[in-house]
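Encoded as structure tokens, the structure appears first; notes follow it.
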Amino acid sequence: MKTSNNQTGKPLEHYQSIYQDLDPQEIAQRCNLEFNSATAAFSLRILGTEYRALHPEFTLLDNDGNETADPYEKILFIRFLCEGKLFPSQGKKLSYNEIPWGQVYYRNFEGRCLKRCAFTFGRDVSAFVKMIEYNPQLRAEAQKTGDASYRLEFTNNLFITVTLWQGDDEFPPSAQILFDDNFVFAFTAEDLAVVGDILINRLKQLRR
């Protein structure tokens, strides 16, 4: 995904200026994350891959020391560390329309995430199932809806449910994405469209 520096560079600069002045212990408590003072980093998972989010200069590194190349991932997670909160889920799953301001941005989310998910994975649901089952780091739990449905961990204790209905000669494939109810404290409605993008992009990489 090609982006201009104005789209990603300016927001990163803005949040970096906020992030560097925050107390890491306050962030750790608010976001329910472990902060390792020896490495000056928070421990984060993104769809099963372990990362270190450095502080005060924000960098997102995997266990091999490689920095994530996706600028939208960087923006999403620095925003979470600056503004988000993590509370335990109360067990409810929310559609995008049920998220605060979700109805305002629904058309964008529908095209950007739901339709893209459906046409990326819904043409061959069996391949999607195999991909999920072959990657136990996703911590996926099968659900009893659709032609295939899994609840999996997007990031630390924030779970997302993806459901697919396979297309045929008469009907196109379709998809639903549900968010555990604690997402509303961690991310905004606009952020959740980015969450959907990251989810689809990373699952496509696993499929390859």
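- In this structure, Leu114 and Tyr106 have side chains that are in contact, with non-hydrogen atoms separated by less than 4.5 Å.
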Task: Stepwise side chain to side chain donor-acceptor pair (under 3.5 Å) check, Glu73 with Thr68 - done: CA-CA 8 Å; Glu73 290 188 359; Thr68 180; 2.8 Å; yes
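- In this structure, Ser149 and Thr163 approach most closely via the heavy-atom pair OG-OG1, 2.7 Å.
- Two different hydrophobic clusters hold Val129 and Tyr134 under the rule that ILVMFWY side chains link at heavy-atom gaps under 4.5 Å.
- Between the side chain of Asp62 and the backbone N or O of Tyr51 there is no donor-acceptor pair closer than 3.5 Å.
- Residues Leu60 and Ile46 meet the side-chain proximity criterion, which asks for heavy atoms closer than 4.5 Å.
- The shortest non-hydrogen separation linking Pro100 to Val184 is CD-CG1, 3.9 Å.
- Phe154 is connected to Ile177 through a chain of hydrophobic side-chain contacts under 4.5 Å among Ile, Leu, Val, Met, Phe, Trp and Tyr, so both are in one cluster.
- Nearest approach of Cys82 to Leu22, heavy atoms of both residues: CA-CD1, 3.8 Å.
- A salt bridge links Arg107 to Glu110: at least one charged side-chain nitrogen sits closer than 4.0 Å to a carboxylate oxygen.
- Looking at Phe119 and Pro173, their side chains come closer than 4.5 Å, going by heavy atoms from C-beta outward.
- You'll find the side chain of Gln16 reaches within 4.5 Å of the side chain of Ile78, heavy atoms only.
- Around atom CD of Glu50, more than 12 heavy atoms belonging to other residues, nucleotides or ligands sit under 6.0 Å away.
- Between Leu54 and Thr59, the closest side-chain pair of non-hydrogen atoms falls below 4.5 Å.
- Comment: Arg79 engages Asp191 in a salt bridge, judged by a side-chain N to carboxylate O separation of less than 4.0 angstrom.
- Taking all atoms of both residues into account, the shortest heavy-atom contact from Tyr15 to Glu83 is CE2-OE2, 3.4 Å.
- Both Val194 and Leu81 belong to a single network of hydrophobic side chains, linked directly or stepwise wherever heavy atoms of I, L, V, M, F, W or Y lie under 4.5 Å apart.
- At a threshold of 4.5 Å between non-hydrogen side-chain atoms, the residues Leu178 and Ile160 do not count as touching.
- Judged by distance alone, the side chains of Tyr96 and Gln176 never bring a donor and an acceptor atom under 3.5 Å apart.
- Remark: side-chain polar atoms of Thr120 are not paired, donor with acceptor, to backbone N or O of Cys117 under 3.5 angstrom.
- We find that Asp197 and Arg116 are joined by a salt bridge, their nearest charged nitrogen and carboxylate oxygen being less than 4.0 Å apart.
- What you find for Leu164 and Ala118 is that their closest heavy atoms are CD2-CA, 4.5 Å.
- A salt bridge links Asp180 and Arg151; the closest N-O separation between the charged side-chain nitrogens and carboxylate oxygens is under 4.0 Å.
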TODO: Would you check, one step at a time, whether the test side chain to side chain donor-acceptor pair (under 3.5 Å) holds for Glu133 with Tyr150?
DONE: CA-CA 10 Å; Glu133 298 292 343; Tyr150 289 91; 2.8 Å; yes
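- By the 30° and 60° cut-offs, the orientation of the rings of Phe183 relative to Phe187 is tilted.
- Linking ILVMFWY residues whenever their side-chain heavy atoms come closer than 4.5 Å, directly or via other members, places Leu76 and Leu86 in the same cluster.
- Phe159 and Leu199 end up in different hydrophobic clusters when Ile, Leu, Val, Met, Phe, Trp and Tyr side chains are linked at under 4.5 Å.
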Task: CA sep, side-chain torsions, deciding dist, call: Gln25, Arg30, side chain to side chain contact (heavy atoms under 4.5 Å, CB included) - done: CA-CA 9 Å; Gln25 297 303 327; Arg30 173 167 44 82; over 6 Å; no
Open item on the list: Determine whether Arg123 and Gln166 satisfy the following criterion, side chain to side chain contact (heavy atoms under 4.5 Å, CB included), listing intermediate values before the conclusion.
Closed with: CA-CA 6 Å; Arg123 296 185 186 278; Gln166 184 157 316; over 6 Å; no
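- No side-chain heavy atom of Phe42 sits less than 4.5 Å from a side-chain heavy atom of Arg52.
- Two residues are said to be in side-chain contact when any heavy atoms from C-beta on lie closer than 4.5 Å; Phe87 and Lys85 meet this criterion.
- No donor-acceptor pair closer than 3.5 Å links the side chain of Gln29 to the backbone N or O of Glu26.
- Between the side chains of Asn135 and Gln137, at least one donor-acceptor pair of N or O atoms lies under 3.5 Å.
- The backbone N or O of Asn201 lies less than 3.5 Å from no partner atom in the side chain of Asp70, so there is not a single donor-acceptor pair.
- Checking side-chain atoms of Asp64 against main-chain N and O of Asn66 turns up no donor-acceptor pair under 3.5 Å.
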Task: Chi angles and distances behind the side chain to side chain donor-acceptor pair (under 3.5 Å) call for Gln143, Lys93 - done: CA-CA 12 Å; Gln143 308 292 296; Lys93 299 174 185 176; 2.7 Å; yes
Open item on the list: Does Leu138 form a side chain to side chain contact (heavy atoms under 4.5 Å, CB included) with Glu153? I'd like the steps, not just the answer.
Closed with: CA-CA 6 Å; Leu138 294 173; Glu153 188 183 52; over 6 Å; no
Open item on the list: The test is side chain to side chain contact (heavy atoms under 4.5 Å, CB included); show your working for Ile27 and Phe35 and say whether it passes.
Closed with: CA-CA 9 Å; Ile27 297 173; Phe35 182 74; over 6 Å; no
